[in-house]
Amino acid sequence: MSTPDSTAEATNLATSTAQLPQVHEPRNPGMELDLDVVERQRVNTSAVERRCATLPGRRSVKKDHQAAWLLKAITMIDLTTLAGDDTAGRVRRLCAKGAHPVRADILDALGMPAITTGAVCVYHDMVETAVEALDGTGIPVAAVSTGFPAGLSPYHLRVKEIEESVKAGAKEIDIVISRRHVLTGNWQALYDEMREFRATCGEAHVKAILATGELGSLRNVAKASQVCMMAGADFIKTSTGKESVNATLPVSLVMIRALRDYYARTGYRIGYKPAGGISKAKDALVYLSLIKEELGDHWLSPHLFRFGASSLLGDIERQLEHHVTGQYSASWRHAIG
């Protein structure tokens, strides 16, 4: 894993312009459902597990290089609150943290300009509050939709929920697929559902949440990834964060290779978002190394890679303070809000 050699290079690595994917990439228009491609999907589970087991030990970055990669990781976080007791005040504080994710004294010590998170992700009811709070920051609001997290509300209401979130100002919509379509092999139904969700999003970009912990097998993950991309998904995402098993390295490797295959066949780059269970800075570094090795530097940008996380930012900020001062700080020094 190559690393930046100076603070100046760290600055280039960690800063970006607008986070919206359409600023950087031609949008995936989708294609006709190709069942031959879907049925050809194969996964060697033991090989996937061996590959993933080597990553934490083989790919380690230290000191200035680690700080640069952690700053980069911050720019790719979808800072998230999806709690039943969310309030407007909590969402405003989250947005303030998204706009200023690292304390100014730490950035000054690193010689860094201001950075932001990749997006702020909320329930529909908080979209307008978040849009207002982020006005002028360039940070997009992402809304979870379509009966999140189970995706079992009436279909017309799931479509309507997308419409309302887009109308409220969400620039990204995280939808959940119907898991039963995957578990029963009804790929046409999954394709049709995803296609309508994409069309309803309009200019807003759509992230397809596969809920991989509930799909039964890595092969099903590979198939569902392909179908959602064929239907026009802009991102594929592992989890809602509410399942018993969320983002894992084996699932990520399968989905990342599906992205690579789709790009080779169509020329369109699709984004990737692991979500749920990624709370430590060292874990973020492993995921970034996996992306770099499998997809290359182009994917190491907010328009093609996001972490779905809420607590990850706090641990990264603690690691950055340790890099600057030589001492670990209490978590309350980096609170959100």
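The basis for the numbers below is simple: all heavy atoms, side chains too, and nothing from hydrogens, waters or symmetry mates.
Using a 4.5 Å cut-off between side-chain heavy atoms of Ile, Leu, Val, Met, Phe, Trp and Tyr, with links allowed through other members, Val122 and Ile209 fall into different hydrophobic clusters. Clustering ILVMFWY residues whenever any of their side-chain heavy atoms sit less than 4.5 angstrom apart, transitively, puts Val245 in a cluster other than the one holding Val251. Residue Val176 is not grouped with residue Val182 when hydrophobic side chains (ILVMFWY) are merged at heavy-atom distances under 4.5 angstrom, including chains of intermediate members. A continuous path of hydrophobic side-chain contacts links Leu35 to Met31 [ILVMFWY only; heavy atoms under 4.5 Å]. Note on Ile316: it clusters hydrophobically with Leu71, by side-chain heavy-atom contacts below 4.5 Å among ILVMFWY residues.
Between the side chain of Glu161 and the backbone N or O of Thr146 there is at least one donor-acceptor pair closer than 3.5 Å. Without hydrogens or angle criteria, Ser301 side chain to His303 main chain gives no donor-acceptor distance under 3.5 Å. Remark: side-chain polar atoms of Arg198 are paired, donor with acceptor, to backbone N or O of Gly232 under 3.5 angstrom. Remark: the backbone N or O of Leu300 is paired with a side-chain donor or acceptor of Lys72 at under 3.5 angstrom. Between the side chain of Glu128 and the backbone N or O of Asp125, no donor-acceptor pair lies under 3.5 Å. Judged by distance alone, with hydrogens and angles left aside, the side-chain atoms of Asn220 form a donor-acceptor pair with the main-chain N or O of Leu215 at under 3.5 Å. Using modelled atom types, no side-chain atom of Arg306 and backbone atom of Asp78 make a donor-acceptor pair closer than 3.5 Å. Of the possible donor and acceptor atoms, none in the side chain of Gln226 sits under 3.5 Å from a partner among the backbone N and O of Val38. Between the side chain of Thr116 and the backbone N or O of Gly98, no donor-acceptor pair lies under 3.5 Å. Side-chain atoms of Thr54 never come within 3.5 Å of backbone atoms of Cys52 as a donor-acceptor pair (strictly under, hydrogens ignored).
With no hydrogens or angles considered, no side-chain donor-acceptor pair links Gln41 and Asp261 at under 3.5 Å. Residues Ser178 and Glu193 have side chains that bring a donor and an acceptor to within less than 3.5 angstrom of each other.
At a threshold of 4.5 Å between non-hydrogen side-chain atoms, the residues Met229 and Met194 do not count as touching. Using a 4.5 Å heavy-atom cutoff, the side chains of Leu295 and Arg260 are in contact. At a threshold of 4.5 Å between non-hydrogen side-chain atoms, the residues Val159 and Phe197 count as touching. The closest side-chain heavy-atom distance from Lys273 to Thr238 is not below 4.5 Å. Using a 4.5 Å cut-off on side-chain heavy atoms (C-beta onward), Val144 and Thr240 make no contact. Annotation: side chain of Leu79 is not in contact with side chain of Cys121 (no heavy-atom distance under 4.5 Å). At least one side-chain heavy atom of Ile115 sits under 4.5 Å from a side-chain heavy atom of Pro101. Between Tyr262 and Asn28, the closest side-chain pair of non-hydrogen atoms falls below 4.5 Å.
To the nearest 0.5 Å, atoms OG (Ser225) and CE (Met230) are separated by 11.0 Å. Leu55 contributes atom CG, which lies 12.0 Å from atom CG of Leu285 (distance to the nearest 0.5 angstrom). One finds the NZ atom of Lys223 at 14.5 Å from the CG atom of Leu210 (value rounded to the nearest 0.5 Å). Residue Leu82 holds its CG atom at 8.5 Å from CG of Asp174, rounded to the nearest 0.5 Å. Atom CD1 in Ile291 sits 9.0 Å away from atom CH2 in Trp299 (nearest 0.5 Å). Rounded to the nearest 0.5 angstrom, Arg180 CZ and Leu190 CG are separated by 10.5 Å.
Within 6.0 Å of atom CD in Glu294, more than 12 heavy atoms from other residues, nucleotides or ligands are found, so the atom counts as buried in its surroundings. Counting heavy atoms of neighbouring residues, nucleotides and ligands inside a 6.0 Å radius, atom NE2 of His100 does not exceed 12 of them.
Tyr191 pairs by the side chain to side chain donor-acceptor pair (under 3.5 Å) definition with nothing, not counting sequence neighbours. Residues meeting the side chain to side chain donor-acceptor pair (under 3.5 Å) test with Asp192, sequence neighbours left out: Gln188. For Arg269, the salt bridge (charged side-chain N to carboxylate O under 4.0 Å, His left out) criterion is met by Glu25, not counting sequence neighbours. For Glu321, the salt bridge (charged side-chain N to carboxylate O under 4.0 Å, His left out) test picks out Arg103, Arg333, with sequence neighbours left out. With sequence neighbours excluded, the residues satisfying side chain to side chain donor-acceptor pair (under 3.5 Å) with Asp85 are Arg90. In this structure, Arg40 has no salt bridge (charged side-chain N to carboxylate O under 4.0 Å, His left out) partners at least two apart in sequence or on a different chain. Not counting sequence neighbours, Ser244 has no partner by the side chain to side chain donor-acceptor pair (under 3.5 Å) test. Under the rule for a salt bridge (charged side-chain N to carboxylate O under 4.0 Å, His left out), the partners of Lys160 that lie at least two apart in sequence or sit in another chain are Glu163, Glu164. Partners of Trp187 by ring-ring contact (aromatic ring centres under 6.0 Å, His included), not counting sequence neighbours: none found. Remark: Asp315 engages Lys280, Ala281, Arg318, Gln319 in a side chain to side chain contact (heavy atoms under 4.5 Å, CB included) (not counting sequence neighbours).
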Does the pair Lys97 and Glu317 meet the rule for a salt bridge (Lys or Arg N to Asp or Glu O under 4.0 Å), with working shown? CA-CA 12 Å; Lys97 186 67 173 178; Glu317 202 173 5; 2.9 Å; yes

Step by step, work out the side-chain contact (heavy atoms from CB on, under 4.5 Å) result for Leu259 and Met255. CA-CA 6 Å; Leu259 295 174; Met255 294 176 71; 5.7 Å; no

Take Lys207 and Ile173, measure what side-chain contact (heavy atoms from CB on, under 4.5 Å) needs, and give me the verdict at the end. CA-CA 6 Å; Lys207 305 189 193 92; Ile173 305 293; over 6 Å; no

For Leu288 and Phe307: C-alpha separation, side-chain torsions, deciding distance, then whether side-chain contact (heavy atoms from CB on, under 4.5 Å) applies. CA-CA 10 Å; Leu288 292 179; Phe307 290 106; 4.1 Å; yes

Test Val43 against Val48 for side-chain contact (heavy atoms from CB on, under 4.5 Å), laying out the working first. CA-CA 8 Å; Val43 177; Val48 167; 3.9 Å; yes

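Classification of Arg27 and Asp234 as a salt-bridged pair holds, one side-chain N sitting under 4.0 Å from a carboxylate O. Ion pairing between Glu132 and Arg92 fails under the 4.0 Å rule for side-chain N and carboxylate O. Contact check on Arg51 versus Glu293 returns a salt bridge, with a Lys/Arg side-chain nitrogen under 4.0 Å from an Asp/Glu carboxylate oxygen.
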Please table the atom pairs, donor to acceptor, closer than 3.5 Å between any side-chain atom in residues 148-156 and protein atoms at least two apart or in another chain.
| unit_1 | atom_1 | unit_2 | atom_2 | d |
| --- | --- | --- | --- | --- |
| Tyr155 | OH | Glu196 | OE1 | 2.8 |

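Sorted pairs that involve residues 266-291 and meet ring-ring contact (aromatic ring centres under 6.0 Å, His included), not counting sequence neighbours, are lacking altogether.
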